[in-house]
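So the structure is just underneath, and the comments pick up after that.
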Amino acid sequence: MCGIIGYVGAKPVSEILINGLKRLEYRGYDSAGVATLDESEFSVRRAVGRVDALASLIEEEPVSGSIGIAHTRWATHGQPTHSNAHPHLDASGRIAIVHNGIIENYNSIRTFLEDQGIEFQSDTDTESLAQLIGFFYAQTNDVLESVRHALREVVGSFGVVVLCQDAPNTLIAARRGSPLIVGIGTEEFFVSSDASSLVPHTSQVVYMDDNELVCLGPQGMQATTIDAQSVEKEVVTLDITLEEMELGGYEHHMLKEIYEQPESLKNATRGRIDRTNCQIVLGGLAPCLRELPRFKRLLLFGCGTAWHAALVGEYLFEELARIPTDVDYASELRYRNPLIEEGTLAIAISQSGETADTLAALREVQTRGATTLGVVNAVGSSIARETDAGVYLHIGPEIGVASTKAFTAQLEVLLMMAIDLGRRRHLSPERTHRLIDELTEIPSKVEFALDLNTQIKGLAAELADCDNWLYLGRGVNFPVALEGALKLKEVSYIHAEGLPAAEMKHGPIAMIDPQMPVIAICPQDHTYAKVLANIEEVRSRNGRVIAIATESDRRVRDLTDAVLYVPKTHGLLSPLVTSIPLQLLAYHTALLRGRDVDKPRNLAKSVTVE
Ligand code: F6R
């Protein structure tokens, strides 16, 4: 959510910034801008829309220098207009900043500064920070002190990079709540919202923590708290490759990531299954291994797709580990004064590890005494670092804004955690063996499901004109119905709803007509007969049913308008295969509607504001 990049070194900065923004664009794409410094003169360019628009502007009106900052915006305060695009300057034009986050007290800062005669140029919260730094700078002539002073005054969240005309070799960056990573090159530094823009330049990085500030330049990197206490930072080696971030011949990242699933699901289990001893080995849980059998209650939380994974997790933990499990939206959890009993293990699920609501919920349950685990993909992210222990997905970067491979890997990791906890309690070796056998077959079953692509493309062509869709599932496939509906909504902008199949008759059945496709997920598990009955209810109201069913299920074929057959697997693992056709259906439908599937309107990959 908003991408930031800054550079200081000896190279021409323009290309570094634009290429960096292109890699960060999935974090927001409402507008983009750069500010560079050359011989103590700022060059500022801003454009509404995608980074390409900014790149074209810079081709016409080049910027020079070897220090600069850049930003791609996901609008929070103020429309995506030219004047609201970052960088924002103070009234003197000597300070320029890019910012990710929200300055919550921007109104009072603005009123105070306007009373001092300062004129604002934009509607953004960010400009109040730029102007406040400038206000203090006008009094002290000390940019570092002014930044510190301003950051002590603001309430809210920020990842901010500051450039000052009078300090032409220094970048100042600070964070509270919004991620920032410093990349260390040879006599050069980068600072960015995430690692994706650093990978082409360096693998050596430093993750900034909340309330830290760094000064970067020829003098090296000085890390302190915002309050000027010095801090020691560890240099970490990134394990992301450039290849993982490229399209690799696919038309879209979403499609590439859907097709990566046989491999990503192998990677998520690699080295974690010990068949000989019939156990799951999750090294990341080591810090709380001894405590594990003692937990009495689990609390899973996340947002969007991660919340859907948590809902599947609830079935898995209750069934396999027999531990009472609750699931909450991260965004609701912290606002309802949650009761965290002693013996609660709270599990935060997040692909990016930076989602502000999930991070806030994590901190809330920590202060109330819960032990916390993370199920996270982005290595070194805030949630990964702030949880007591956790399990990484190990599936490489997910770039497509709609989450696909992270969802299935989250399910797989939660399943492994449930088996692991189960083994420490009552789960028998026989049952564990069966689950492990099924788990190792999942990648080839996902490959089989991917072969449905051509059939799904044809189906999408028949359905793409329908404006309302319903997704039905029961048991572990109820969250899959929610996820299928979310995928369709976010990439095609079609209205869709997911429901537990039996709930349909309590109201939504009133909407059924031939124009509303009903996607029914009905693998042959213990819910099968009931879902078939729900399908009958739709048919008797002239509804149009598309089933996701177990291969060679003839009965379902006679009851529905189309069937997408997936391989048979253990009931608890079925979401790993039933999700695949739903991802492809959303993808093809969106393409037929002419949508930009990798950058759907109004969305951003990593939601770092609450
Ligand atoms: C949907 C999607 C979002 C994210 C949600 C949480 O496709 O991508 O709903 O799942 O914003 O993001 P993370 O997992 O990064 O915390």
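Note that the coordinates shown come from a computational prediction; the quantities given were computed from them, not determined experimentally. Just so you know, ligand 1 is whichever comes first in the structure, and atom 1 is the first atom listed for that ligand.
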Looking at Lys457, I'd like to know if its NZ atom is crowded, meaning that more than 12 non-hydrogen atoms belonging to other residues, nucleotides or ligands lie closer than 6.0 Å.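 12 or below, so no.
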When you compare the side chain of Tyr250 with that of Tyr259, does any pair of heavy atoms fall below 4.5 Å?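 The answer is yes, as the side chains (C-beta and beyond) meet within the 4.5 Å cut-off.
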Which class fits the ring pair [X] and [Y]: parallel under 30°, tilted 30 to 60°, perpendicular over 60°?
| X | Y | value |
| --- | --- | --- |
| Phe407 | His308 | perpendicular |
| Tyr587 | His252 | perpendicular |
| His394 | Tyr392 | tilted |

Please list the nearest protein heavy atom to [atom] with its residue and the distance rounded to 0.1 Å.
| atom | answer |
| --- | --- |
| atom 11 (O) of ligand 1 | Val607 CG2, 4.0 Å |
| atom 12 (O) of ligand 1 | Thr355 OG1, 3.4 Å |
| atom 6 (C) of ligand 1 | Cys303 O, 3.3 Å |
| atom 14 (O) of ligand 1 | Gln351 N, 2.6 Å |
| atom 7 (O) of ligand 1 | Glu490 OE2, 2.5 Å |
| atom 3 (C) of ligand 1 | Thr305 N, 4.1 Å |

Heavy atom of [X], distance to ligand 1 below 4.0 Å:
| X | value |
| --- | --- |
| His308 | no |
| Gly302 | no |
| Val401 | yes |

What are the atoms of ligand 1, with element, lying closer than 4.0 Å to any heavy atom of [X]?
| X | result |
| --- | --- |
| Ala306 | 10 (O), 14 (O) |
| Lys487 | 1 (C), 7 (O) |
| Gly304 | 9 (O) |
| Ala402 | 7 (O) |
| Ser350 | 13 (P), 14 (O), 15 (O), 16 (O) |

Under 4.0 Å between a side-chain nitrogen and a carboxylate oxygen: does that hold for Glu260 and Lys405?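 A salt bridge is present here (some side-chain N lies under 4.0 Å from a carboxylate O).
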Give yes if a backbone or side-chain nitrogen or oxygen of Gln410 is under 3.5 Å from a nitrogen or oxygen of ligand 1, and no if not.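 No, no N or O pair falls under 3.5 Å.
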Geometric N/O contact Ser352 with ligand 1, under 3.5 angstrom: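 Yes; at least one N/O pair falls below 3.5 Å.
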Under the side-chain contact (heavy atoms from CB on, under 4.5 Å) test against Pro179, which residue among Leu359, Ile4, Asn100 passes?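 The passing option is Asn100.
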Would a distance-only check, ignoring hydrogens and angles, find a side-chain to backbone donor-acceptor pair under 3.5 Å from Arg334 to Ala330?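 Side chain of Arg334 to backbone of Ala330, a donor-acceptor pair under 3.5 Å: no, none is there.
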Do side-chain atoms of Glu257 reach the backbone of Gly400 as a donor and acceptor pair under 3.5 angstrom?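 It does hold such a pair.
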Can we call the ring centroids of Phe190 and His201 under 6.0 Å apart?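 Yes, they do, as the ring centres are separated by less than 6.0 Å.
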Would you kindly check if the NZ (Lys) or CZ (Arg) of Arg601 is within the cone defined by 45 degrees around the ring axis of Tyr493 and under 6.0 Å from the six-membered ring centre?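 Yes, Arg601 lies over the aromatic ring of Tyr493.
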Residue-level breakdown please: for Glu354 versus ligand 1, do any non-hydrogen atoms fall below 4.0 Å on the side chain, on the backbone, on both, or on neither?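 The answer is neither.
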